[in-house]
Amino acid sequence: MAAATYIAKSLIPISQFNKGQASRIFDRLHTESQLIVLKNNQPTAFILSLDEYERLTELEEDYYLLTEAYERLENNADKPAIPMKEIMNRHGITQDELDLIGDVAIE
């Protein structure tokens, strides 16, 4: 029942845009993550808040990276792995140096 109430509150008739209420509609995105635009009582578009768009974009990127990682694991299943400590030693990298760098965005 809660989902139906949430959806009902998210519905926006397209006629509200024609009545000059676009600013008020977009202001709702400060408290709601998405709105559903109705045309002839049928859902025709979604309006997402910037936060929701960024969240979904990050999920998509994470999914892509995860599938790529699984593909690489499958393709290299018969090859021996090299422990991270060995790689770090080869290149003269310490754990303290890695900790100083922090998170890195992979693109």
Side-chain angles (χ1 to χ4, degrees):
M1 183 68 174
T5 303
Y6 172 77
I7 291 172
K9 289 181 179 181
S10 298
L11 300 175
I12 306 290
I14 199 164
S15 61
Q16 287 187 4
F17 286 95
N18 297 334
K19 295 177 183 176
Q21 298 178 4
S23 180
R24 220 169 82 206
I25 292 167
F26 289 119
D27 285 344
R28 287 179 58 182
L29 293 171
H30 294 292
T31 58
E32 299 175 55
S33 61
Q34 60 189 8
L35 299 171
I36 303 167
V37 180
L38 298 175
K39 182 177 181 182
N40 299 324
N41 292 325
Q42 295 295 316
T44 57
F46 279 88
I47 303 173
L48 301 177
S49 69
L50 184 57
D51 289 341
E52 182 67 2
Y53 175 78
E54 288 174 349
R55 185 185 76 81
L56 293 172
T57 302
E58 286 180 23
L59 279 174
E60 181 182 30
E61 288 174 15
D62 290 348
Y63 176 76
Y64 171 76
L65 291 173
L66 182 63
T67 56
E68 187 174 318
Y70 277 126
E71 187 177 307
R72 288 180 181 183
L73 284 171
E74 285 180 13
N75 291 339
N76 294 313
D78 58 338
K79 298 176 185 171
I82 302 171
M84 184 170 172
K85 286 192 180 232
E86 185 177 328
I87 298 292
M88 290 169 60
N89 287 338
R90 284 184 195 176
H91 297 284
I93 301 169
T94 67
Q95 186 62 48
D96 290 337
E97 290 172 323
L98 289 179
D99 293 340
L100 286 174
I101 294 172
D103 290 336
V104 176
I106 300 173
E107 305 216 10

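What you see below is based on every heavy atom in this structure, not just the backbone, and it leaves out hydrogens, waters and symmetry mates.
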Between the side chains of Tyr70 and Glu74, does any donor sit under 3.5 Å from an acceptor?
no
Verify same cluster id: Leu73, Leu65 (apolar side-chain graph, 4.5 Å):
no
At what distance, to the nearest 0.5 angstrom, does CG of Leu50 lie from NE2 of His30?
10.5 Å
Interatomic distance, CG@Asp62 vs OG1@Thr57, rounded to 0.5 Å, equals 11.0 Å
Is the CZ atom of Arg28 crowded by more than 12 outside heavy atoms at less than 6.0 Å?
yes
Quick one: name the residues clustered hydrophobically with Ile14, using the 4.5 Å side-chain heavy-atom rule over I, L, V, M, F, W, Y, and just say none if it's on its own.
Ile12, Phe17, Ile25, Phe26, Leu29, Leu35, Val37, Ile47
Which pair of heavy atoms, one from Gln95 and one from Met88, lies closest together, and at what distance?
N-CE, 3.5 Å
Distance from Met84 atom CE to Asn89 atom CG, nearest 0.5 Å?
11.0 Å
Give the minimum heavy-atom separation between Ser10 and Gln34, together with the two atoms involved.
OG-O, 3.7 Å
Inspect the surroundings of CG in Asn75 and state if more than 12 heavy atoms from other residues, nucleotides or ligands are less than 6.0 Å away.
yes
Is there a side-chain contact between Leu48 and Ser33 in this structure, where contact means two heavy atoms from C-beta onward sitting under 4.5 Å apart?
no
With sequence neighbours excluded, residues passing salt bridge (charged side-chain N to carboxylate O under 4.0 Å, His left out) with Glu58
none
Distance in Å, Gln21 CD paired with Asp27 CG, rounded so as to fall on 0.5 Å steps
12.0 Å
Mind checking salt bridge (charged side-chain N to carboxylate O under 4.0 Å, His left out) for Glu60 and listing every partner two or more places apart, or none if nothing turns up?
none
Glu54 CD to Leu56 CG distance, which is reported to the nearest 0.5 Å:
10.5 Å
Could you pull out the closest heavy-atom pair between Ser49 and Glu32, with the gap in Å?
CB-O, 3.8 Å
Drop me the distance from Thr94's OG1 to Leu100's CG, to the nearest 0.5 angstrom.
8.0 Å
Side-chain donor/acceptor of Glu86 to backbone N/O of Pro83, under 3.5 Å
no
